[in-house]
Number of protein chains: 2
Amino acid sequence: MAFEYEYARPALTVDCVVFGIDERGLEVLLIRRGLSPYKGRWALPGGYVREGESLDHAAARELEEEAGLQPRYLEQLYTFGEPKRDPRGHTVSVAYFALVNIRDHSVRAATDASDARFFVEDELPKLAFDHASIVARAKERLQGKLRYRPIGFELLPDAFPLSQLRHLYETVRGEEIDKRNFRKKILSLDLLVETDERTTGPGRPARLYRFDRGRYQELEERGFDFSL
Amino acid sequence: MAFEYEYARPALTVDCVVFGIDERGLEVLLIRRGLSPYKGRWALPGGYVREGESLDHAAARELEEEAGLQPRYLEQLYTFGEPKRDPRGHTVSVAYFALVNIRDHSVRAATDASDARFFVEDELPKLAFDHASIVARAKERLQGKLRYRPIGFELLPDAFPLSQLRHLYETVRGEEIDKRNFRKKILSLDLLVETDERTTGPGRPARLYRFDRGRYQELEERGFDFSL
DNA sequence: GCAAAAGTGTTGGCACTACACCCATGA
DNA sequence: TCATGGGTGTAGTGCCAACACTTTTGC
């Protein structure tokens with residue numbers, strides 16, 4: 001526990017799994033590596049943690065630098081430390097998990113990433129390093145957490161029809177959900193506020209709702225359990 | 001993402017929160033620091049991750065070295081990386097979460113820890129570094145995970161009466177649980193096997209049960225959800 | 001026979017599931 | 001008027017919570 005006993009240090013990076021959702025389904029942000037190793041391969045955005053920089057900050061910074069992205073939701077996922085995971089030498093990576101509303105963000109490539117874009121989650125190209133297993137774990141977290149935390153809203157625009165929210169749950173869970181039961185349940189939680197806006201387009205217009213964050217925090221403090 | 005851009009590296013450690021349970025309640029293993037900083041202060045067992053060593057290995061090794069402990073259950077908890085958390089310089093710590101059956105393990109002090117023992121979780125002394133917040137997070141994990149994973153058994157002897165299991169849940173959740181409902185629920189899961197052994201001591205002898213790990217894995221693969 | 005802890009059943013309410021038809025709009 | 005998606009109610013079932021007395025043992 002003291003510098004007197006110091007051993008060679010593993011290097012430390014962060015990597016981010018950014019999820020978005022659209023008509024094509026669940027999507028993951030990847031960047032194309034401009035440098036070796038794995039030059040030209042798609043990979044998760046990420047990079048070295050700087051001395052004196054917090055992990056959260058490093059994750060947010062890399063997302064900003066590599067894709068011009070400032071996600072509303074960002075949480076630590078898991079730390080991957082197998083010695084062989086990076087061919088350059090022992091590199092421990094703290095993985096992060098982020099949710100964005102895809103339409104809000106026009107992704108841009110930057111710095112050492114020569115390209116950046118979203119891929120449909122079940123059609124990902126072959127990834128660099130152990131990033132495929134990081135994505136797999138992130139998806140598990142998303143699936144699990146969606147059931148007991150209101151994080152799905154971070155993937156949607158501010159105001160949305162209930163059908164969009166339902167499709168989100170259907171996509172992530174990979175199963176159909178009954179329209180009436182879903183509506184009954186979500187409205188009974190008293191976390192959505194009606195707006196006067198409606199969708200346009202084919203079919204009957206749908207009412208739009210907003211998620212009431214303030215109300216959720218209030219309820220949470222009183223020991224309320226979200227669950228869908 | 002390449003060594004050409006290398007910055008100064010934060011140091012990397014692991015720290016372990018080891019829980020046990022006994023008549024006094026939930027307990028946490030602490031060691032007394034033999035070296036500065038925080039010399040003489042109680043702290044979580046832990047130490048530097050070695051180059052080429054996996055994180056899981058480092059956690060298990062430190063527990064063995066510092067307390068002679070080989071916990072049956074060990075999982076990664078969270079990674080703490082605030083730059084100021086260690087006065088010696090930026091040190092990122094990957095925290096682990098372990099469960100032991102206290103009676104199986106006679107804890108011994110070793111190496112740079114001059115002393116090691118279990119403390120009742122809500123009467124901990126002042127801890128070194130940010131270890132108090134690591135313990136707090138570990139307790140949340142324990143409370144949460146106990147509800148949907150059969151990990152409580154790791155805290156108990158191999159064969160135990162249902163009352164002991166119930167007390168465990170009561171202790172961790174901090175609330176009373178109805179005896180009949182608990183028995184009905186846990187037995188209906190069909191994960192416990194009766195033994196012919198009984199408790200002795202004051203009061204009517206209680207039948208002892210064992211947790212059937214094989215059966216749990218079988219059910220889990222078929223999409224079974226444990227929940228209590 | 002008394003103290004201590006184990007063991008045992010029933011009932012009411014609530015939440016979830018399953019299920020099918022009509023409505024409003026744009027083309 | 002047709003195609004598209006939105007919006008609505010009910011009945012059955014299973015799970016959970018609440019609740020009090022009898023049994024077995026050691027002293």
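All values below come from the heavy atoms of this structure, side chains included, with hydrogens, waters and symmetry mates left out. Being a predicted model, the structure only gives us computed values, none of them experimental.
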For Glu197(A), is there an ion pair with Arg207(A) - N to carboxylate O distance below 4.0 angstrom? no
Ion pair present between Glu66(A) and Arg33(A), side-chain N to carboxylate O less than 4.0 angstrom? no
5' priority, DNA chain C, between Thr200(A) and Arg204(B) [closest heavy atom]: Arg204(B)
d([atom1], [X]; [atom2], [N]) in whole Å:
X: His167(B); N: dA6(C); atom1: NE2; atom2: C1'; value: 11 Å
X: Asp225(B); N: dC15(D); atom1: CG; atom2: P; value: 14 Å
X: Arg207(A); N: dC23(C); atom1: CZ; atom2: P; value: 18 Å
X: Glu194(B); N: dA6(C); atom1: CD; atom2: C1'; value: 14 Å
X: Leu208(A); N: dG5(D); atom1: CG; atom2: P; value: 16 Å
X: Leu187(B); N: dA6(C); atom1: CG; atom2: P; value: 14 Å
X: Arg198(A); N: dG26(C); atom1: CZ; atom2: P; value: 12 Å
X: Glu197(A); N: dG6(D); atom1: CD; atom2: P; value: 16 Å

Both conditions, 6.0 Å and 45 degrees, for the charged tip of Arg137(A) above the ring of Tyr78(A): are they met here? yes
Compute both the distance and the angle, then confirm whether Arg180(B) meets the cation-pi test with Phe182(B): under 6.0 Å from the six-membered ring centre, within 45 degrees of the axis. no
Would you please confirm or rule out a distance under 4.0 Å between OP1 or OP2 of dG5(D) and any side-chain N or O of Ser163(A)? no
DNA chain C contacts among residues 169-186 of chain A, heavy-atom distance under 4.0 Å: Asp178(A), Arg180(A), Asn181(A), Lys184(A), Lys185(A)
Tyr38(A)/Phe129(A) aromatic ring centres below 6.0 Å: yes
Could you list the residues that satisfy side chain to side chain contact (heavy atoms under 4.5 Å, CB included) with Asp22(A), not counting sequence neighbours? Arg24(A), Glu27(A), Ile102(A)
